[in-house]
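Let me begin by presenting the structure, written as structure tokens, before commenting on it.
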Amino acid sequence: MASSTPPHCSITGTKPYQNHPYPQNHLKNPRQSHPPRPNAHSHKVSLTKPAAAASAPAAASSSHQVPAFTSLSRFCPSKSDLGADFSGRRSTRFVSKVHLGRPKSNVGTRHTSAAEEALHHAIQCGKDDLELETVLLSFESRLCGSDDYTFLLREFGNRGEYWKAIQCFEFAVMRERRKNEQGKLASAMISILGRLGKVDLARRVFDTAVSEGYGNTVYAYSALISAYGRSGYSNDAVQVFDSMKSCGLRPNLVTYNAVIDACGKGGMEFNRVLEIFDEMLKNGVQPDRITYNSLLAVCSRGGLWEAAKGLFNEMVDRGIDQDIFTYNTLLDAVCKGGQMDLASQIMSQMPAKNILPNVVTYSTMVDGYAKAGRYDDALSLFNEMKFLGINLDRVSYNTLLSVYAKLGRFEEALDICKEMEDSGIKKDVVTYNALLGGLGKQGKFDELKRVFKVMKAEKVFPNLLTYSTLIDVYSKAGLYREAMEIFCEFKQAGLKPDVVLYSALIDALCKNGLVESAVALLSEMTREGIRPNVITYNSIIDAFGRTLTDESLAHASDVANRFSSLSVSIEDPAQSKTAVVRKDNCVAKFFGQLASEKDGQAKKDPGSCGRQDILCILGIFQKMHELEIKPNVVTFSAILNACSRCDSFQDASMLLEELMLFDNQVYGVAHGLLMGYRENVWFQALSLFDEVKQIDSSTASAFYNALTDMLWHFGQKRGAQLVVLEGRRRHVWENMWSNACLDLHLMSSGAALALVHAWLLDIRSIVFEGHELPKLLSILTGWGKHSKVVGDGTLKRSVEALLAGIGAPFQLEKCNLGRFTSSGSVVAAWLRKSGTLEVLVLNDDRNHPKITDLQVVPL
């Protein structure tokens, strides 16, 4: 549970964004973060005059001097990095972000026929610089200024032939004597290089233009900001933006749009982007559709659905028309926030605006439904796509494939693969990752190995996510030797572990009780400069209180001490080789421990959570707070599980009291319910339940299970029953609760017993309303969530004892040792008996206790 993907839901009471109309968020995704920008001098481009700093442009000379360039073309590769057709790079996701519907400037409409003829001849030149020079010279007298040359630059850029664009730019700017026309050429060249990802060359062009006196323009600065933004270098973009203002230039709409877009693409904090937006409004620059679309994109990357909805409404209030990009980006944010009902409502409004959903719209919705566990809705939308004749693209096929794989419907998944290839779309690493993940979760490891071999045979190279997925599914299945083999292959591929891979390893160690080893690996992770996330810490919190191995008990105090010294730092490059060897040996040792655990004694049942464990949990929470890692509902569930395993009521209460210092709402509710102060905290509890409703059903179910189990464990049975009934009202138990059957096999014992009472109360109301019960009623326990012995388990025994204690006429089936059954008529007769209601309505076993203050050891 602790290792599941954190939902896009806050369960903290004090929102950091309450003083601003939009929430703040640290939009940092370690799996998508851009690498550090290469040194600007890596191209070794030398110009005759030293490049002036952007903040101090050279003054224009009174008499024009023709700039003498040392050609940039000699630093270009012999082949294009992008292939013949630049537009061919664009994925469906890229197309979705094109500002469709906005008025487009028809670039090239002012160029002459001579420019088109020159282009035709230049294309035939291939890589021959001299031949291109000859073509330009032959057309020099016929080309009409910057418009014709700009047309050539753009066309070369569209073909990915930036070296030709650079040569043409040098040719043109040396012959153009008007500064403003030279500035237009420089802005166009910077923009083209930025679009092609050649940001350092773009910077060289900019610096030269500034030093020569024609680059100190709003357009040149805006083009450079955009170039940095396209490559994800948001900090550089903001520096250029600030230097522009320090030079006395006033940013215009294009500039603001460029810097906002750059901040979004670089993962900058949302509040920083809003500061720029507020500055824009303060300076009287009115936003347009592109501005809002860029702001929505920032929200989309962080799943900030409330902020996105607010921006969309503001856009409407300002009378700014929306386009398909607006809606697709808004939907992406809403889907990432888990608000699928709202997303469906927004999508249904699109046709009224004459904006028809496209393949990206449907793919976004389907992906949202899949991540929310609403697979039927996801497949229904795909059927709607086909009915409407919307052709699926690679993203759509991969999303559909992932849905079928998660459902274990592999024949249909393979059919999708075939249909995909028949459509001319080859399987890529995303396709294979979906197949491998689905096969692993279904336990089809022979088929998984076969598919992995096929993947490599087809020259589809596994990426970091591929290896992380394989290590995760093997580890969760207890196949640690296979997991170690994958790790060795991963190292041979020269890839560097990330937070996901480390978290998978840490979770495997924690699940097997090797908490000390998990913390040692966490230390190794931070030394590598890899920042842990909430999933990493959730695994470790969930592990405490489980008396699984002697190792985890013997080193509990060492674990607490380790957390006080953990810090994220970057390994000294001089020691990198030694660090890699040490890290590999460390991971190999841990896999060896896991394999030994599997081959040796079985895991022990979860034990109690002692005082030392509580200190460890508080230490972890303190570290999360210091690193600004926001706990989520999974964290809360893990904390509640730890409370249920506490040695005493006092220890559980102390733990929640200490955690109230970090989040009074969440832990205050849990503490109030534990103490029996339901009347005082129930309103706050309902607010908390509202937030939990936003997350996926399996995570919500785990939350209610943990809270109910803790309350039952400490005798607050009335509170436990109220929580269960609230969960029923909110449809939390839909997949496990029906009039005919109650499925408890994933529940903890205390929560399961509270559910039995609530379920019997529910079917009693059916009886007294005059309706008949189903002919057969069943209570399924399986062997219980924590059972380690076939046919036996604490859950089954507890339910059996409960049913016998209240006189419920259920019998254990002989052919199914985890199923209790009875006929509907027999149960109905029992429910009509006087006194049945009294045994079903729960009362607390504990009065409001007085808790003495307990001194917590500082961490």
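Residues: numbered from 1 along the sequence shown. As the structure is a computational prediction, the values presented were derived from the model and not from experiment.
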- Tell me, with the steps shown, if Thr431 and Asp428 meet side chain to side chain donor-acceptor pair (under 3.5 Å). CA-CA 5 Å; Thr431 314; Asp428 61 3; 2.7 Å; yes
- Task: Output, in order, the C-alpha distance, side-chain angles, deciding distance and verdict of side chain to side chain donor-acceptor pair (under 3.5 Å) for Thr536 and Asn533.
- Result: CA-CA 5 Å; Thr536 319; Asn533 61 18; 2.9 Å; yes
- Message: ring-ring contact (aromatic ring centres under 6.0 Å, His included), that's the test. Do Phe452 and Tyr432 meet it? Break it down for me.
- Response: CA-CA 8 Å; Phe452 189 47; Tyr432 279 105; 9.1 Å; no
- Check step by step if side chain to side chain donor-acceptor pair (under 3.5 Å) holds for Thr466 and Asn463. CA-CA 5 Å; Thr466 313; Asn463 62 10; 2.7 Å; yes
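Judged by distance alone, the side chains of Thr329 and Asp332 never bring a donor and an acceptor atom under 3.5 Å apart. Side-chain contact check for Asn538 and Thr635: at least one donor-acceptor pair (N or O, by modelled atom type) lies under 3.5 Å. Between the side chains of Asp367 and Thr364, not a single donor N or O lies within less than 3.5 Å of an accepting N or O. Checked by atom type, the side-chain pair Tyr397/Glu419 shows a donor-acceptor distance below 3.5 Å. A donor atom on one side chain and an acceptor atom on the other are found under 3.5 Å apart for Tyr292 and Glu314. Side-chain atoms of Thr326 and Asp323 include a donor-acceptor pair closer than 3.5 Å. Using modelled atom types, one finds a donor on one side chain and an acceptor on the other under 3.5 Å when comparing Ser396 with Asp393. Side-chain N/O atoms of Tyr404 and Glu411 include no donor and acceptor closer than 3.5 Å.
Glu726 has a carboxylate O that lies under 4.0 Å from a charged side-chain N of Arg729, or vice versa, which qualifies the two as a salt bridge.
Considering every non-hydrogen atom in both Thr469 and Leu436, the closest pair reads CG2-C, 4.5 Å. What you find for Met340 and Gly368 is that their closest heavy atoms are SD-C, 3.6 Å. A pairwise comparison of heavy atoms in Lys427 and Met420 identifies CA-CE, 4.3 Å as the closest pair. Looking at every heavy atom in both residues, Ala378 comes nearest to Ala370 through CB-N, 4.3 Å. Nearest heavy atom pair, residue Ala262 against residue Ser234, reads O-CB, 3.4 Å. Annotation for Leu295 and Phe270: closest pair O-CE1, 4.3 Å, computed over non-hydrogen atoms.
Interatomic distance, CZ of Phe277 versus CG of Leu311, reported as 7.0 Å (0.5 Å rounding). We find the OH-OG distance between Tyr704 and Ser637 to be 11.0 Å, quoted to the nearest 0.5 Å. How far CG of Leu401 is from CZ of Arg394: 12.5 Å, rounded to the nearest 0.5 Å.
The aromatic ring centroids of Phe636 and Tyr667 lie less than 6.0 Å from each other.
Within 6.0 Å of NZ on Lys426 lie no more than 12 heavy atoms contributed by other residues, nucleotides or ligands. The environment of CG in Asp422 is crowded: more than 12 heavy-atom neighbours from other residues, nucleotides or ligands sit within 6.0 Å.
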